[in-house]
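Computed from heavy atoms alone, side chains included, the values below leave out hydrogens, waters and symmetry copies. The structure displayed is predicted, hence computed values, not measured ones. All residue numbers refer to positions in the sequence shown, counting from 1.
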Amino acid sequence: MRREVLARLASTGKALSVAIVALDRESGAHIVDVNPAFSRLTGHPRDVVVGAALASLDGPEIDAATFAARARAIEAGSAWQEAVPTRLANGSIRYLMWAFLPLEDAVLAILQPMPDDTDEVRQAERDPTVGLLNQVALTRRLQRMVVQAEAGEAAYPVVLAIQFDQLAALSGLDVAEGLGLFMAEHGKRLTAAVGFESLAFVAPDRFLAVASDIERIGLIRDNLQVPVTIGGVRHYTSATIGMALFPIDGGSAETLVRSAVLAATDSQRRGASGRLVPFQQDTADRFARAGALERSLGRVDGRQLLTLSYRPLIRLADGSVAGAAAIAGWQDPTIGAVAMDELLPIADKAGMLATVGAWTIEAAAREFAAAPDVEGKLLSIAVGGKQLAEAARPRLLAATAEATMQHSVGRGQMVFSLPAAMLSHPDVLATLYSLRTLGAGIAVHGLGGVDTDFAVLAEAPVDHLILAPTLVHALAETWRAEAVARHLIALARDLDITVQASGIDTADERDRLVGLGVDLGTGALFGAGGTAAAVLAGRPRP
């Protein structure tokens, strides 16, 4: 009988323009009936929503406080009114004013659209942190652009997900206040590039923007490269920009936003940060693969999935084997072979980076020690910046100590290779000195790049300087490359640092490096690599 009464109550509003929803309190706020004005307002047909839970109409942006207050009002049978993000039939989100009229064991909800110039709408549309639009508001505007584009009345929109890289690493910024100021400043610059109506602040490290031409995208990239000054200190960072184009990457606002965010997140996860990354149709497949790898990392037998191969480290003067460089991989039982470049960003996200690094060191030291005639030979292991940070330091030092003591790897034989940019971090320097104390050597590559300069060598404990493949390949093409290499080598000699070259592909490159006085080298010229025993014995796999 109660359902019949509720249906009748809803039907009394058939001729009204105001939308009415009849709810049954005892069934957990399920919809009993709606009037035609509700379907006109939301697009939901009556036969689709009747019987559904009220929460099925909520947009994902509904906050916990609003949700809880509404539930209490329904349970207590009390009046309630609030602007709620409501999902329309086309998938878009619109803020509607919901007013509850309590009845015995029932609730009548009256819905009304909100004028765009009300204080309630302005408050609901803006993020309080930086004062910009939130995702709901921008998505609603984007949907209007999509409709106009489909009708040929406007240009096709381009959605950009601007995700900053490693904000937590910004030196000296308080996590709450400092990062808020940093993002607020970038919000102002991005607003100048695309306009207030086309920009939203949607996460602590992410903006969404809508652009209609390539010039706007260029302005965004230019603004991101300018440092932000807070408290007299300049802060630099990079951002990865995921890009989705209408209609090829999505025919609705929600799909375009999801595609742009997916493109940026996938690129960061793979370690390809700081770029403009178009959405690709296989991005979702890569995400599924990444999820499978993350589950593999959590297995108890994950250590057994780690694989190691080695490439020879050659003394260029006489061609003898000076050591082996370990190359880690992952043999997943369902996905197959996975390179470390793909695995490490996923391990980082899963909180397993220190564990994978420790596994690699322990396994490489064990296989190196088991090989014949390793006295005086080097074992090179690449480590990333996050493996050297303070949080991961205990695991790295423990693995190094175990390798040197349990497997009898001699002092200076195990050499950790890392980006030179990490030498400017004080906590990383402390880790490097500790590794030196434990008997490990330190090799750096990328010295003189954008993020570092030669002054770091005055304090950092560096034993090996590695010349990049790009410099090695350029030696035969320009005298400038040879001049740079010659001066780098002279600097290393003055500091008693051994010089290595990587990426040596031809005999001509080897000969030029020998003439410059480079000590060691790796590359395709010296074979494809193999097991530690085979490489150290001078029998690399052909």
Requested in this report: Look up atom OG1 in T229 and atom CZ in F182, then write down how far apart they are to the nearest 0.5 Å.
Outcome: 10.5 Å

Requested in this report: Verify side chain to side chain contact (heavy atoms under 4.5 Å, CB included) between L101 and V107, making sure each step is shown before the conclusion.
Outcome: CA-CA 6 Å; L101 175 64; V107 173; over 6 Å; no

**Report entry** Side-chain heavy-atom pair E254, T139 within 4.5 angstrom cut-off
**Finding:** yes

Query raised in the report: With a cut-off of 6.0 Å (strictly less than), are more than 12 heavy atoms of other residues, nucleotides or ligands near CZ of F196?
Result: yes

Report task. Supply the atom-to-atom distance I361 CD1 to T400 OG1, rounded to the nearest 0.5 angstrom. Result -> 4.5 Å

Report task. Would you please name every residue forming a side-chain hydrogen bond (donor to acceptor under 3.5 Å, both in side chains) with N90, sequence neighbours left out? Result -> S92

Query - Set of residues satisfying ring-ring contact (aromatic ring centres under 6.0 Å, His included) with respect to F38, sequence neighbours excluded - result: none

Report summary line: Given the options R144, M145, Q143, V147 meets side-chain contact (heavy atoms from CB on, under 4.5 Å) only with Q143

Taking only distance into account, with no hydrogens and no angle test, what donor-acceptor pairs under 3.5 Å do side-chain atoms of residues 71-78 form with protein atoms, sequence neighbours excluded?
none

Query - Minimal non-hydrogen separation, G242 against A263, with atom names - result: CA-CB, 3.9 Å

Requested in this report: Show your reasoning for whether side chain to side chain contact (heavy atoms under 4.5 Å, CB included) applies to L23 and L108.
Outcome: CA-CA 6 Å; L23 303 170; L108 279 186; over 6 Å; no

Requested in this report: Begin with the C-alpha distance, continue with both residues' side-chain angles, and end with the deciding distance and a verdict on side chain to side chain contact (heavy atoms under 4.5 Å, CB included) for L96 and Q112.
Outcome: CA-CA 6 Å; L96 299 176; Q112 290 183 323; over 6 Å; no

Query - Partners passing side chain to side chain contact (heavy atoms under 4.5 Å, CB included) against A239 (at least two apart in sequence or in another chain) - result: I162, F164, L224

Requested in this report: Using modelled atom types only, decide if a donor and an acceptor are shared between the side chain of D266 and the backbone of L262 within a distance under 3.5 Å.
Outcome: no

Query raised in the report: Taking the side chain as C-beta and beyond, is there a heavy-atom pair between M183 and F207 under 4.5 Å?
Result: yes

Query raised in the report: Mind checking whether L423 and V428 have side chains closer than 4.5 Å, heavy atoms only?
Result: no

Report task. State, with a plain yes or no, whether a side-chain heavy atom of F279 is found less than 4.5 Å away from one of M243. Result -> no

Query - Minimum heavy-atom distance between H30 and A53, given as atom pair plus value - result: CD2-N, 3.7 Å

Query raised in the report: Of all heavy-atom pairs between T255 and G250, which one has the smallest distance, and what is that distance?
Result: CG2-CA, 3.6 Å

Query raised in the report: When rounded to the nearest 0.5 angstrom, what distance separates CG in L418 from CG in L432?
Result: 6.0 Å

Report task. Return yes if a side-chain donor-acceptor contact under 3.5 Å exists between T355 and R395, otherwise no. Result -> yes

Requested in this report: Please confirm whether the backbone N or O of V277 pairs with a side-chain atom of S267, one donor and one acceptor, at under 3.5 Å?
Outcome: no

Query raised in the report: So how far is it from L160 CG to R206 CZ, rounded to the nearest 0.5 Å?
Result: 13.0 Å

Query raised in the report: Do the charged groups of D58 and R70 touch, with an N to O distance under 4.0 Å?
Result: yes

Report summary line: Closest non-hydrogen contact found for V146 with G251 is CG1-O, 3.4 Å

Query - Summary of side chain to side chain donor-acceptor pair (under 3.5 Å) pairs that have at least one residue in residues 190-200, sequence neighbours excluded - result: R141-E197

Requested in this report: Return the minimal non-hydrogen interatomic distance between A149 and A155, and the atom names on each side.
Outcome: CB-O, 3.9 Å

Requested in this report: Check whether any side-chain heavy atom of V210 sits under 4.5 Å from a side-chain heavy atom of V194, and report yes or no.
Outcome: no

Requested in this report: Walk me through it: do V202 and N134 pass the test side chain to side chain contact (heavy atoms under 4.5 Å, CB included)?
Outcome: CA-CA 6 Å; V202 299; N134 56 30; 6.0 Å; no

Requested in this report: Kindly give the heavy-atom pair with the smallest separation between W98 and L57, and that separation in Å.
Outcome: CH2-CD1, 3.9 Å

Report task. Could you tell me which residues satisfy side-chain hydrogen bond (donor to acceptor under 3.5 Å, both in side chains) with T240, sequence neighbours excluded, listed by chain and number? Result -> D165

Report task. Mind checking side chain to side chain contact (heavy atoms under 4.5 Å, CB included) for V50 and listing every partner two or more places apart, or none if nothing turns up? Result -> D33, R46

Requested in this report: Can you run down the ring pair (Phe, Tyr, Trp, His ring centres under 6.0 Å) pairs that involve residues 73-93, sequence neighbours left out, and say none if there aren't any?
Outcome: W80-F100

Requested in this report: List for me each residue that meets side-chain hydrogen bond (donor to acceptor under 3.5 Å, both in side chains) alongside E185, sequence neighbours excluded, and say none if there are none.
Outcome: R189

Query raised in the report: So, do L111 and I20 sit near enough that their side-chain heavy atoms are less than 4.5 Å apart?
Result: no

Report summary line: Across all chains, not counting sequence neighbours, the side-chain hydrogen bond (donor to acceptor under 3.5 Å, both in side chains) partners of R87 are none

Query raised in the report: Do Q163 and T265 have a side chain donor and acceptor closer than 3.5 Å?
Result: yes

Query - Validation row: V383, T360 side chains within 4.5 angstrom (heavy atoms) - result: no

Requested in this report: Using a 4.5 Å cut-off on heavy atoms from C-beta on, say whether the side chain of L142 contacts that of P157.
Outcome: yes

Query raised in the report: Once you round to the nearest 0.5 Å, how far does CZ of F246 lie from OG of S252?
Result: 9.5 Å

**Report entry** Exam field: side chain T86 to backbone V84, donor-acceptor pair closer than 3.5 Å
**Finding:** yes

Query raised in the report: Quick one: side chain to side chain contact (heavy atoms under 4.5 Å, CB included) partners of S417, sequence neighbours excluded?
Result: S380, A443, H445, I466

Requested in this report: Please list, chain by chain and in numerical order, all residues satisfying side chain to side chain contact (heavy atoms under 4.5 Å, CB included) with A364, sequence neighbours excluded.
Outcome: L308, Y310, A326, L379, I381

